[in-house]
Amino acid sequence: QVQLVESGGGLVQAGDSVRLSCAASTRTFNRRTMAWFRQAPGKEREFVSAIRWNGHTYYSDFVKGRFTISRDSSKNTVSLQMNSLKLEDTAVYYCAADADGRSIQSTLDREEVYDVWGSGTEVTVSS
């Protein structure tokens, strides 16, 4: 079973940048679609971005142009570079992996597609 551990969160100011990382416990992660979700206080968890094993990327509209997802298969990691942070980006960010990398594009924003989740890392953006 793949385990995921996020890191890189913290307290930052609006306009700053933060880079989150997600480390997978095994190399089997390399063929899976990886994603970032977030959950703001009092809100439901929402899709942020996903990346397939071949590098194809997908973003929610609210992060396009500001966030960049990437993966390094040699290190079993996936990262989320977050630039121009806004107050509304404050949330716990979760890394997730689907079962086999075959999830279809139209479903990548659905939590049920992903069967392995990290415990999350908190990002707080202050004014």
* Among side-chain atoms of Thr77 and Asp72, is any donor-acceptor pair under 3.5 angstrom? -> no
* Please work out whether the ring planes of Phe67 and Tyr93 are parallel, tilted or perpendicular, with thresholds of 30° and 60°. => tilted
Short side-chain to backbone donor-acceptor contact, [X] and [Y], under 3.5 Å:
{"X": "Gln13", "Y": "Val125", "result": "no"}
{"X": "Thr121", "Y": "Ser7", "result": "no"}
{"X": "Arg66", "Y": "Ser84", "result": "yes"}

* Asked: Under 4.0 Å between a Lys/Arg side-chain N and an Asp/Glu carboxylate O for Asp98 and Arg31?
  -> no
* Answer yes or no: is there an ion pair linking Asp61 with Lys64, defined by an N-O contact shorter than 4.0 Å? => yes
* Kindly indicate whether the side chain of Thr124, heavy atoms from C-beta on, has any atom under 4.5 Å from the side chain of Val12. => no
* **Minimum side-chain heavy-atom gap Val18-Leu85 below 4.5 Å** => yes
* Asked: Between Thr33 and Ile51, is a side chain to side chain contact (heavy atoms under 4.5 Å, CB included) present by the stated rule, with each step listed?
  -> CA-CA 6 Å; Thr33 298; Ile51 184 168; over 6 Å; no
* To do: Determine which pairs satisfy disulfide bond (SG atoms under 2.5 Å apart) with at least one residue from residues 80-127, sequence neighbours left out, and list them in order.
  => Cys22-Cys95
For the atom pair [atom1] ([X]) and [atom2] ([Y]), what is the distance rounded to the nearest 0.5 Å?
{"X": "Trp36", "Y": "Ser49", "atom1": "CH2", "atom2": "OG", "answer": "10.0 Å"}
{"X": "Ser127", "Y": "Lys86", "atom1": "OG", "atom2": "NZ", "answer": "15.0 Å"}
{"X": "Ser103", "Y": "Glu112", "atom1": "OG", "atom2": "CD", "answer": "10.0 Å"}

* Asked: Listed by chain and number, what are the ring pair (Phe, Tyr, Trp, His ring centres under 6.0 Å) partners of Tyr58, not counting sequence neighbours?
  -> none
* Output the rest of the hydrophobic cluster of Trp53: all Ile, Leu, Val, Met, Phe, Trp and Tyr residues reachable through side-chain heavy-atom contacts under 4.5 Å, sorted by chain and number. => none
* CZ (Arg102) with more than 12 external heavy atoms under 6.0 Å -> no
* Could you give me the CA-CA distance, side-chain angles and deciding distance for Phe37 and Glu111, then say whether side chain to side chain contact (heavy atoms under 4.5 Å, CB included) is met? => CA-CA 8 Å; Phe37 283 74; Glu111 292 187 42; 3.8 Å; yes
